[in-house]
Amino acid sequence: MIAFDLLKHRYLEYKRNPQFYGSTFAKVMIYLGGAMFAGYLLLFGFLIPKMFGELFPAFEPYHMLGKWMFIILAADVLIRFMYQKTPSSNLKPYFLLPIGKRKLLNLLMLGNVVSLYNAIWLFFIVPFAFMTVTKFYGAGAAFAFVCTFEAFIVINNLLYIIFRILVNRTIFSILLPVVFYGSVIAALFAFDETVSPLFITLGDAMAANAWLTLTASLVVLAAVWLLAYKVVETTMQQELSSAAKVEKRKSVTDYSFFDRFGEVGAYMKLEMKMVVRNKNCRSQFIMGCAAILLFVVLLYMDLYTTTFMQSFVICYVFSVLGVIMLSGVMSYEGNYIDCLLVRRVSILTLLRAKYYLHCLFALLPMVFVIPLMVDGQQTFGRCLALLLFTCGIIFPLVLQLAVYNKKSAPLNDSVNVKSSSASGIATVITMAALTVPSIILTVLTIFFEPLTVTLVLALTGIAGIGTSDWWLKDIYKRFTARKYANLDGYRATR
Amino acid sequence: MVEITNLTKLFGDNKVLDIDHLTIPEGDFVGLVGNNGAGKTTLFRLMFDLLKRDSGTVLIDGADVTASEDWKARCGVYLDNSFLIDYLGPEEFFYFIGKTYGMTKDEVDARLETFHQFMNGEILGTKKFIRDMSMGNKQKIGIVAAMLHSPRLLVLDEPFNFLDPSSQIRIKEILHAYNAATGATVIISSHNLNHTIDVCTRILLLEKGYIIKDIPAQDAGSRRQLEEYFDITDKTYE
């Protein structure tokens with residue numbers, strides 16, 4: 001049966017993912033991570049009913065679950081953005097086979113929806129439902145409660161498909177999920193007395209009118225499915241037909257400014273062209289700039305009053321662009337890695353060029369924070385110290401991923417991509433790059449004078465920048481040691 | 001120029017390449033033929049350290065390719081699209097490649113002039129990125145880039161693929177002239193026996209990873225031997 005085959009292909013695609021295929025350690029880590037996540041959900045499933053009961057004695061726990069449903073769904077969609085693929089990934093091989101397009105797309109969407117990730121939420125909701133709903137409405141209602149919650153998770157999965165596809169097409173679509181989830185959550189906090197009862201009623205209906213609510217949620221699911229189908233179909237059609245479209249440009253910018261830097265300059269030019277001329281790299285750049293702007297606005301509005309949060313946000317302002325763009329280091333180059341490897345020490349030169357160019361990009365936040373400096377919220381010295389710290393400490397940390405990234409990332413394809421999930425080590429390094437500097441800054445700020453903090457940041461940054469040739473060579477050496485395994489991965493994911 | 005000893009490659013338990021000993025002296029024009037999966041591309045990848053070997057050595061000018069990078073300056077390789085940086089325009093790509101070999105723009109321009117006819121006015125000055133070009137033109141760009149710095153060892157994997165008939169003839173002429181004029185070693189793989197026999201001086205026949213024949217191409221019997229091997233002698237079909 002073709003449906004079974006297509007679902008099996010999805011499973012095999014996941015199972016044979018080059019990031020962990022053949023690596024027992026990677027497999028163990030992934031399964032361990034999954035087991036831990038499930039364990040935590042199970043723990044929450046048992047603990048939260050009791051906790052809610054104590055904290056909100058006027059309500060039943062399922063009322064509170066209803067109230068905060070959107071926060072759960074927002075967290076869920078955020079996790080999906082980090083790990084989940086779109087159903088149209090790798091659709092091309094099937095497109096010309098004698099399988100009806102409607103059937104094909106529906107099966108691929110089904111393959112996406114029946115993921116283990118969606119089922120993992122059962123670890124939370126089953127104990128929750130049977131501890132809170134059964135005593136009032138019986139086991140049948142608890143079962144329907146669980147089904148309704150899972151239906152919401154699947155609806156969220158479908159919404160993610162829509163958002164992801166639109167974001168892949170144009171980065172500005174990121175505003176859609178931000179506005180969708182953000183506005184409801186903001187309303188929940190800003191107009192608690194008006195909005196909260198609506199969601200509490202939802203929680204109540206999920207338990208008290210369990211079967212009716214389940215039916216209604218299934219109707220919504222069907223409607224969202226149709227919408228997602230339409231988006232996938234339209235985007236796929238446009239992407240397939242655009243492959244035949246040949247672009248001819250009136251003028252092509254050469255970035256000859258970099259010519260003066262010799263061989264490194266040639267690679268900086270290459271890097272610059274990669275960022276500007278390829279949709280996915282360009283989107284990362286725009287997203288990074290948008291994130292800087294957002295953080296600056298948040299700081300400007302004085303929303304954060306604690307040292308901890310202020311440290312976090314100002315660190316992000318300087319590091320977020322570099323972390324976003326460098327976390328995929330060498331993945332885009334995976335598409336033409338052979339071209340680089342048959343030329344002398346080109347990877348080392350490329351790494352140097354990347355580092356220098358991103359140090360230049362790191363100057364951008366200095367422009368963004370001018371209002372904060374004028375406002376007196378941040379001093380020039382502190383901002384300069386953070387810039388140096390970013391270039392000298394954070395970038396070397398993220399550039400370690402050049403050793404571990406072994407998947408080619410599509411430069412332009414947004415829908416028809418083979419794979420998009422990040423490896424475990426990439427996630428760990430990225431998270432470390434985003435959090436550790438903020439923690440260091442917080443600790444320093446608590447224990448030392450502002451001037452001392454600035455000096456420590458600046459000096460450690462300068463030390464990192466000063467030793468850049470050494471650590472870049474070290475990255476290159478380790479990249480070379482893992483070259484064959486990485487090359488296999490790059491080829492498998494082109 | 002190239003010396004291969006005890007070179008083996010396994011994918012799992014499957015041995016895909018096993019070459020006891022192979023020497024390709026300077027100036028040879030070698031054609032590598034064999035059915036799909038014979039190990040032609042694997043051999044090329046191992047020759048240039050793009051794949052991990054399970055045993056053996058590949059020496060280029062006496063130096064192990066895994067031990068140093070000195071050979072890179074003397075070699076030109078084009079195996080597939082992964083040798084192209086497709087978000088560059090053709091000129092940008094050639095200038096970039098030239099720069100990695102220490103060539104100036106003028107030197108690159110002068111060298112490109114020699115490929116003027118081969119490129120047929122469809123590549124330079126088109127203001128297109130490589131990704132927007134046809135497979136044939138991408139193939140031409142890859143071949144020209146590999147030859148740009150006049151390498152002493154030129155290796156092309158299936159250079160006749162995607163090319164129109166006149167371009168196939170032209171590339172044969174270019175490769176033949178390059179080998180004759182510079183004394184450079186040229187190694188190509190191809191499924192086109194006629195082209196291979198026409199242009200090469202020596203033919204290596206690969207079968208399941210083993211070199212089973214090493215024959216001079218100009219020998220009158222070589223065509224027959226190859227045709228018999230590939231089972232393409234004249235047949236009468238009922």
Please answer whether the main-chain N or O of B/F118 pairs with a side-chain N or O of B/K140 as donor and acceptor at a distance below 3.5 Å. yes
Residue, of A/E263, A/E333, A/K269, A/K483, that accumulates the most heavy atom pairs under 4.5 Å with chain B: A/K483
Counting only heavy atoms closer than 4.5 Å, note whether A/D259 contacts chain B via side chain, backbone, both or neither. both
Side chain / backbone / both / neither for B/L84 at chain A, heavy atoms under 4.5 Å: backbone
Checking B/T41 against B/D157 for the side-chain hydrogen bond (donor to acceptor under 3.5 Å, both in side chains) test, could you report, in this order, the C-alpha distance in whole Å, the side-chain angles of both residues, the deciding distance, and whether it holds? CA-CA 7 Å; B/T41 307; B/D157 194 10; 2.8 Å; yes
Does the side-chain hydrogen bond (donor to acceptor under 3.5 Å, both in side chains) test come out yes or no for B/S190 and B/N192, once each step is laid out? CA-CA 5 Å; B/S190 180; B/N192 189 315; 5.5 Å; no
Has B/N179 got a side-chain atom pairing as donor or acceptor with B/G27's backbone, closer than 3.5 angstrom? yes
Measure from the ring center of A/Y336 to the ring center of A/Y332 and say whether it is less than 6.0 Å. no
Lys/Arg-Asp/Glu bridge criterion (N-O < 4.0 Å) met for A/R352, A/D469: yes
Could you tell me whether B/K105 sits above the aromatic face of B/Y95, with NZ or CZ closer than 6.0 angstrom to the six-membered ring centre and within 45 degrees of the axis? yes
Residue pair B/S82 / B/D80, side-chain donor-acceptor N/O under 3.5 Å: yes
Quick check on B/Y78 against chain A: is it the side chain, the backbone, both or neither that has a heavy atom closer than 4.5 Å? neither
Most chain A-contacting option - heavy-atom pairs closer than 4.5 Å, from B/W71, B/F48, B/Y101: B/Y101
Quick check on the interface: out of B/I97, B/D86, B/N81, B/L79, who has the most heavy-atom pairs with chain A under 4.5 Å? B/I97
B/F96, part contacting chain A, at a heavy-atom distance under 4.5 Å: side chain
Most contacts with chain A, counted as non-hydrogen pairs under 4.5 angstrom, among B/L88, B/V65, B/V77: B/L88
Contact origin within B/F93 toward chain A - heavy atom pairs under 4.5 Å: side chain
Residue B/D49 versus chain A: region with a heavy atom under 4.5 Å: both
Relative to chain B, which segment of A/L487 carries a heavy atom at a distance below 4.5 Å: side chain, backbone, both, or neither? side chain
